[in-house]
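Below you'll find the structure, written out as structure tokens, and then a few comments.
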There are 2 protein chains.
Amino acid sequence: MTSTTVTSDVPALVFVDDLAEGFGAPARPFHGASPFHRADPASTPIDVLDLGITRGDGVFETAGVNHGHPQAIDAHLARMARSAALLDLPAPRIEVWRRAVQEAIEAWGSDGHGAAKLIYTRGIEGTGVPTGWVYVWAEEPEGPIERRDGITVVLLDRGYRSDVAKTSPWLLQGAKTLSYALNQATLREAQRRGADDAVYTSTDGFLLEGPHASLILRFGDEFITPGTDQGILKGTTQGDAFDWLEGQGYGVGARQVRVEEFAAADAAWLVSSVRCAVPITRVDDREMAIDRQVTDGLNAFLLERDC
Amino acid sequence: MTSTTVTSDVPALVFVDDLAEGFGAPARPFHGASPFHRADPASTPIDVLDLGITRGDGVFETAGVNHGHPQAIDAHLARMARSAALLDLPAPRIEVWRRAVQEAIEAWGSDGHGAAKLIYTRGIEGTGVPTGWVYVWAEEPEGPIERRDGITVVLLDRGYRSDVAKTSPWLLQGAKTLSYALNQATLREAQRRGADDAVYTSTDGFLLEGPHASLILRFGDEFITPGTDQGILKGTTQGDAFDWLEGQGYGVGARQVRVEEFAAADAAWLVSSVRCAVPITRVDDREMAIDRQVTDGLNAFLLERDC
């Protein structure tokens, strides 16, 4: 055990033993009948040889948690399975993961706002046995101030063409992997440029997504998100947002959006599981108005959805 | 502590406490006077919230170890510092890391062939305190068979232009990060295509590097490696190889190499710290002859260098 003085304050950690097709059964006798088990986060349990750390070789999901329920969990689990397939990881046992998330929420024991992270790695180098765990933490009940006041963004090149997922699938665009160093560096670059966040663009001139969020643009009564055939993630929150918008009578659609179209948008948001819908108030040097009515309505819905 | 039945067999693990400028001193009283401390790898010491695992947010180096000495350690430490700078990590304390590597080799206690991995992450989420460790493992004394018999490679698109490091530094090309999921996926794609390994190409038609190795090509009495201004790593083994080749009277140089030039090469190698110089016997569908004399001479030098 490390004697480092810094320790984790994750409130609830659950290891997923029977995590994937073909894996898990040998470990079960040690944990009784359950396909997962609670663990003590203070005992720092990740192996130094886990490929999740030595190679960023794994996938993850982050789901909002409200009133004891993970939000959009079906969509998160489906995306995790899709990411795992893109990485040639064994198919995750969806029902086991779903129950493990619920177990972690119960271990957390709060009825408030929080978030659950699901991590699924290729496991300890040389063993061929994948590793998985879920943890839950509390979020501010009021949510981030930016949900109300908005954020400024800069457009930053992702360096790839919009057809990269089709031409070069080994670049894993469209998979939510643990290899997020570039996403983190992109956020730092945005901050260096005086902005809060970034929107990636393709080398052939299309808007893509944020480093940690999906992009939604409003053009009149139409809401548009960049299509996922461009090597970007299928947004779980974006999906729920579009359901709500349709219910409000708006049109919704996914397509390629040229960079120049940002200037014609009436409003825009970065949406993600924990921050929900954050309005964009500036793109590079151009100011944008906050669409207060849609922002507030959408966030009220996203924060209270129980699905 | 996790009760998973799979455990690490890392023989020697050392945590680096005083790992970077501005960090480490508060932890020192717990470890006596030393700026690092040995740890038990079986106690699985990485925190679930370490950004190295949640975001692949860190850098690494792998150095060969021979007769109790890490090879090309100056070059590895210099590259780690360069990678850290690209990731805006605090400057690593090079002398502490150098001594930590030696400590891990002593803990390993063998005079044979091995390898040392240095990992330096952004640390546990929310603390702002980076994390670092070194571990050492044994390699086959005879080395991989491919060092003698060679490997087949396929050319695979990296998806970026060759000037990406200049235009878009936030994409971290040229940094050796923990976000290696793409490199691993590229190797799997190569194997799916019936090859052993891959050489990346840029979208504008230049040869770059392997997912885990540098490329060296022979044209007559000239040995050429793709220049590092194209967003690729400065090869530590390639550097030593060029020193040896120059000593043998050959010319060496780094420049842009067009994909078509592969066909004109007399021989080619992928070179890296642990595998050393591995001759390439096929590129896509084109067979290449092994340059036995240079391959054997170079590997004899690389395996016995004591620097």
Side-chain angles (χ1 to χ4, degrees), chain A residues 1-8 10 13 15 17 26-27 30-31 37 39-41 43-50 52-58 60 87-88 117 119 123-124 127 129 131 133 135 156-157 159-161 164 167-168 170-172 177-182 184-186 188-189 203, chain B residues 1-8 10 13 15 17 26-27 30-31 37 39-41 43-50 52-58 60 87-88 117 119 123-124 127 129 131 133 135 156-157 159-161 164 167-168 170-172 177-182 184-186 188-189 203:
Chain A
M1 185 118 95
T2 170
S3 50
T4 177
T5 51
V6 180
T7 55
S8 167
V10 177
L13 176 67
F15 268 79
D17 303 300
F30 296 93
H31 316 299
H37 68 280
D40 174 9
S43 66
T44 58
I46 308 306
D47 195 286
V48 285
L49 285 191
D50 195 292
I53 195 154
T54 59
R55 299 291 188 194
D57 199 0
F60 77 101
L87 267 72
D88 302 307
K117 185 170 283 209
I119 291 191
I124 297 172
T127 64
V129 180
T131 317
W133 62 94
Y135 58 85
L156 290 176
D157 176 24
Y160 295 128
R161 292 180 314 272
V164 67
T167 62
S168 312
W170 53 89
L171 300 174
L172 303 180
T177 78
L178 294 173
S179 287
Y180 253 43
L182 279 67
Q184 305 299 93
T186 302
R188 289 193 299 276
E189 176 68 18
T203 53
Chain B
M1 185 118 91
T2 171
S3 50
T4 179
T5 51
V6 180
T7 54
S8 168
V10 176
L13 177 66
F15 268 79
D17 303 300
F30 296 92
H31 315 300
H37 69 279
D40 174 9
S43 67
T44 57
I46 309 306
D47 195 286
V48 287
L49 285 191
D50 195 292
I53 196 154
T54 59
R55 300 289 188 195
D57 199 0
F60 78 101
L87 267 72
D88 302 308
K117 185 172 281 209
I119 292 190
I124 297 172
T127 64
V129 180
T131 319
W133 62 94
Y135 57 86
L156 289 176
D157 175 25
Y160 294 127
R161 292 180 315 273
V164 67
T167 62
S168 312
W170 53 90
L171 301 173
L172 302 181
T177 78
L178 294 173
S179 286
Y180 253 44
L182 280 66
Q184 305 300 93
T186 302
R188 289 193 300 276
E189 176 68 17
T203 53

Which bit of A/Leu13 is near chain B, if near means a heavy-atom gap under 4.5 Å: side chain, backbone, both or neither?
-> side chain

Top residue by heavy-atom pair count (under 4.5 Å) with chain B, among A/Asp57, A/Asp50, A/Leu171, A/Thr186?
-> A/Leu171

Contact class of A/Tyr160 relative to chain B, heavy atoms under 4.5 angstrom | both

Select one option (side chain, backbone, both, neither) describing which atoms of A/Ile119 are under 4.5 Å from chain B's heavy atoms.
-> side chain

Identify the two heavy atoms, one from A/Asp47 and one from A/Ile53, that lie closest to each other, and give their separation to 0.1 Å.
-> O-CG2, 4.1 Å

Partners passing side-chain contact (heavy atoms from CB on, under 4.5 Å) against B/Thr203 (at least two apart in sequence or in another chain) | A/Arg161, B/Asp157, B/Arg161

Residues passing the side-chain contact (heavy atoms from CB on, under 4.5 Å) test with B/Thr177, sequence neighbours excluded, are A/Ala181, B/Leu87, B/Leu172, B/Ala175, B/Ser179

Can you name the nearest heavy-atom pair linking B/Val48 to A/Trp133, along with the distance?
-> CG1-NE1, 3.8 Å

Whatever's closer than 4.5 Å to a heavy atom in chain B on A/Ser168 counts as side chain

Take the angle between the ring planes of A/Tyr180 and A/Phe60 and call it parallel below 30°, perpendicular above 60°, tilted in between.
-> perpendicular

